[in-house]
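Note that the structure is a prediction, hence the values are computed from the model and not measured.
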Amino acid sequence: MEEYTVNWAVEGWQHHLERPAAWLRSGRLVAFPTETVYGLGGSAFDAAAVERIFAAKGRPSDNPLIVHVSSLEMLEQVVQREALTAEVREAMAQFWPGPLTLLLAPSARIAVNVYQRQPLVGVRMPNHPVALELIRQAGVPVAAPSANLSGRPSPTHAADVALDLAPALDALVDGGPCAVGIESTVLRLDATGATVYRPGAISVAALERTLGLDIRVDPLLSTGPTHGDARDASAPLAPGMKYRHYAPDAPVFVWSGPADKMVQAMAATMQSVHHHRVALIGPRALVLRAESTIAPVWTNALDGNDWDTYAPALAQALYASLREADRHRVDAIYVVGVPAGQEWSLALTNRLMKASEGRIFDIPER
Ligand code: TXA
Ligand code: MG
């Protein structure tokens, strides 16, 4: 694997992408940064490259890939023109480049294994200068799932990509840490209405506010521990949503609620489940308060005094923190989550639900 470190603040940085771009065009695999998480890219025109992406991740073959484009001209090679309705164009105008994946009717040029027997193909324009320039130079749309081994937390740093995938990669482009930290929102927008199939970095509230549409959320999203089985029996439109995901080796426990009650609940869990070495990810004030009661061996104290500032900080840090906690060989990872009703709670709770296999505790105020 060749590594390219790209600092787009330095003039001439685009030249560092010439070789990885040529490789993408010729069917090789290149991992690259986006604003959400790192992607494992291959040409969306090349079925053999796409096949190698699935093999590299150990990804189930019923879980389709998102295609990344750098321009609207490139988009027209990915989807059918009729799919580009006024509503779809408006969504693109408002949110692209950005973390919104749209499900649209695929063109005949896209390798069919990109979308794996699904009726639609997911496509987005990432909001990252390195990703956009790499795709532009490659001259082909780039199919890219998150650049992690299937089931592991998504990578938000190049080093985490290398740990999971180095042997399978031709090149890794390091553009620094990802700013957003959780994946794009997957939205279907057509005659059937507007439906979110994976909650993500753009909230349902932001979609409704900006597009003036009623947004449905796929009722089968497994955001609750008991929903998993119901989902497996049906045909989910975003097939990736049904798998155990984002999971570190240590078991994850998630709490939200008043700080003092959370700390009490953490201490009680530590005792009853016999956790000796615990990692704690949460707002700075709570981490400080918990130090004397649960004495975590590793902490990530995040900025944020209220849910509106804490939630994006948690999103940005979550996956890297889960991976880092594992490296400290802890018995458990305790995470302060975000209670229902907050702008980010659907996306974060969805990820935390999978990472924790349902161990989420929302403690009421009184
Ligand atoms: O932010 C992101 O979306 C990142 C970066 C790299 O762009 N990519 C990403 O890809 O998260 P991946 O493969 O890890 O997750 C793609 C999700 C899965 O839940 C998948 O089932 C759904 O999108 N999806 C992709 N194509 C689809 C399609 N044609 N129909 C329905 N769901 C689709
Ligand atoms: Mg993924």
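Interatomic distance, CG of Leu29 versus CG of Leu172, reported as 12.0 Å (0.5 Å rounding). The CD atom of Glu76 sits 12.0 Å away from the CE atom of Met74 when rounded to the nearest 0.5 Å. Between Ile281 atom CD1 and Leu318 atom CG the span is 6.0 Å, to the nearest 0.5 Å. Between the CD1 atom of Ile333 and the CZ atom of Arg359 there is a distance of 10.0 Å, given to the nearest 0.5 Å. Distance check, rounded to the nearest 0.5 Å: CZ of Phe54 to CG of Asn63 gives 7.0 Å. Residue Arg152 holds its CZ atom at 8.5 Å from CG of Leu163, rounded to the nearest 0.5 Å.
Contact annotation: the side chain of Thr156 never approaches that of Pro177 to less than 4.5 Å [non-hydrogen atoms, C-beta and beyond]. For the pair Val123/Thr101, no side-chain contact is recorded, criterion being any heavy-atom separation below 4.5 Å from C-beta on. At least one side-chain heavy atom of Val130 sits less than 4.5 Å from a side-chain heavy atom of Pro33. Side chains of Ser154 and Tyr38 form no contact here, defined as non-hydrogen atoms less than 4.5 Å apart. Between Pro199 and Val217 the shortest side-chain heavy-atom distance does not fall below 4.5 Å. Between Gln116 and Asp62, the closest side-chain pair of non-hydrogen atoms is not below 4.5 Å. Using a 4.5 Å cut-off on side-chain heavy atoms (C-beta onward), Trp255 and Asp362 make no contact. A heavy-atom distance below 4.5 Å is not found between the side chains of His68 and Met125.
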- Query: Between Leu346 and Val204, is a side-chain contact (heavy atoms from CB on, under 4.5 Å) present by the stated rule, with each step listed?
  - Reply: CA-CA 8 Å; Leu346 193 60; Val204 172; 4.0 Å; yes

- Audit row: Leu213, Leu189, side-chain contact (heavy atoms from CB on, under 4.5 Å) steps and yes/no: CA-CA 10 Å; Leu213 297 170; Leu189 188 53; 3.7 Å; yes

- Task: Step by step, work out the side-chain contact (heavy atoms from CB on, under 4.5 Å) result for Ile202 and Leu207.
- Result: CA-CA 7 Å; Ile202 293 177; Leu207 289 171; 3.9 Å; yes

- Message: With side-chain contact (heavy atoms from CB on, under 4.5 Å) as the criterion, how do Leu75 and Met92 come out once you've worked through the C-alpha distance, each side chain's angles and the decisive distance to 0.1 Å?
- Response: CA-CA 11 Å; Leu75 173 71; Met92 290 170 178; 3.4 Å; yes

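A salt bridge links Asp190 with Arg188: the closest approach of a Lys/Arg side-chain nitrogen to an acidic carboxylate oxygen falls below 4.0 angstrom. A salt bridge links Asp170 to Arg52: one of the charged nitrogens lies within less than 4.0 Å of a carboxylate oxygen. Ion pairing of Arg323 with Asp164 is present here, as a side-chain N (NZ or NE/NH1/NH2) and a carboxylate O approach within less than 4.0 Å. Taking 4.0 Å as the cut-off between side-chain N and carboxylate O, Arg136 and Glu73 do not count as a salt-bridged pair.
Sparse packing is recorded around CG of Asn305, with 12 or fewer heavy atoms of other residues, nucleotides or ligands lying under 6.0 Å away. Within a 6.0 Å radius of CZ in Arg329, other residues, nucleotides and ligands contribute 12 heavy atoms or fewer.
Side-chain N or O atoms of Glu208 include none that pairs as donor or acceptor with a backbone N or O of Asp214 at under 3.5 Å. Of the possible donor and acceptor atoms, one in the side chain of Gln137 sits under 3.5 Å from a partner among the backbone N and O of Gln14. When atom types are taken as modelled, the side chain of Arg198 and the backbone of Thr185 share no donor-acceptor pair closer than 3.5 angstrom. No side-chain donor-acceptor contact under 3.5 Å links Lys354 to the backbone of Ala247. Judged by distance alone, the side chain of Lys57 and the main-chain N or O of Ala147 form no donor-acceptor pair under 3.5 Å. The closest donor-acceptor contact from the side chain of Trp344 to the backbone of Leu348 lies at 3.5 Å or more, if one exists at all. A distance-only check finds no donor-acceptor pair linking the side chain of Asp218 to the backbone of Thr195 [under 3.5 Å]. With hydrogens and angles ignored, the 3.5 Å screen pairs no side-chain donor or acceptor of Thr299 with any backbone N or O of Ala301.
Side-chain polar atoms of Ser203 and Glu343 form a donor-acceptor pair below 3.5 angstrom. With no hydrogens or angles considered, no side-chain donor-acceptor pair links Thr36 and Ser184 at under 3.5 Å. Using a 3.5 Å distance cut-off with no hydrogens or angles, the side chains of Ser146 and Glu183 do not pair a donor with an acceptor. At a cut-off of 3.5 Å, with distance as the only test, a side-chain donor of Asn300 or Ser321 sits close to an acceptor on the other residue. Inspection of the Arg124 and Thr34 side chains reveals an N or O donor paired with an N or O acceptor under 3.5 Å.
A search for ring pair (Phe, Tyr, Trp, His ring centres under 6.0 Å) contacts involving Trp298 returns His328, not counting sequence neighbours. In this view, Leu288 and Arg284, Glu291 satisfy the side-chain contact (heavy atoms from CB on, under 4.5 Å) rule, not counting sequence neighbours.
Residue Val273 is not grouped with residue Ile360 when hydrophobic side chains (ILVMFWY) are merged at heavy-atom distances under 4.5 angstrom, including chains of intermediate members. Residues Ile66 and Leu149 do not share a hydrophobic cluster, defined by chaining ILVMFWY side chains whose heavy atoms lie under 4.5 Å apart. Using a 4.5 Å cut-off between side-chain heavy atoms of Ile, Leu, Val, Met, Phe, Trp and Tyr, with links allowed through other members, Leu314 and Ile363 fall into the same hydrophobic cluster. With hydrophobic clusters built from ILVMFWY side chains whose heavy atoms lie under 4.5 angstrom apart, Val263 shares a cluster with Leu280. In the hydrophobic clustering of ILVMFWY residues, with side-chain heavy atoms under 4.5 Å counting as a link, Val50 and Val140 come out together.
Aromatic ring pairs are classed by plane angle as parallel below 30°, tilted from 30° to 60° and perpendicular above 60°; the pair Phe253 and Tyr334 is perpendicular.
Residues Gly200 and Arg351 approach most closely at CA-NH2, 3.8 Å, considering heavy atoms. Of all heavy-atom pairs spanning Ala347 and Ile182, the tightest one is CB-CD1, 3.6 Å. Here the closest heavy-atom approach between residue Ala105 and residue Ala83 is recorded as N-CB, 3.9 Å. Nearest heavy-atom pair across Leu17 and Leu134 is CD1-N, 3.9 Å. Of all heavy-atom pairs between Ala138 and Leu24, the closest is CB-CB, 4.0 Å. Summarising the geometry of Asp303 relative to Ala313, their closest heavy-atom pair is O-CB, 3.6 Å, with the distance given to 0.1 Å.
Applying the side-chain contact (heavy atoms from CB on, under 4.5 Å) test between Leu65 and each of Asn113, Val142, Val114 identifies Val114 as the sole match.
Ring centroids of Tyr246 and Tyr319 are separated by less than 6.0 Å, placing the two rings close together. Residues His128 and Trp8 place their aromatic rings such that the two centres sit under 6.0 Å apart.
The salt bridge (Lys or Arg N to Asp or Glu O under 4.0 Å) analysis of residues 94-118, with sequence neighbours excluded, yields no pairs.
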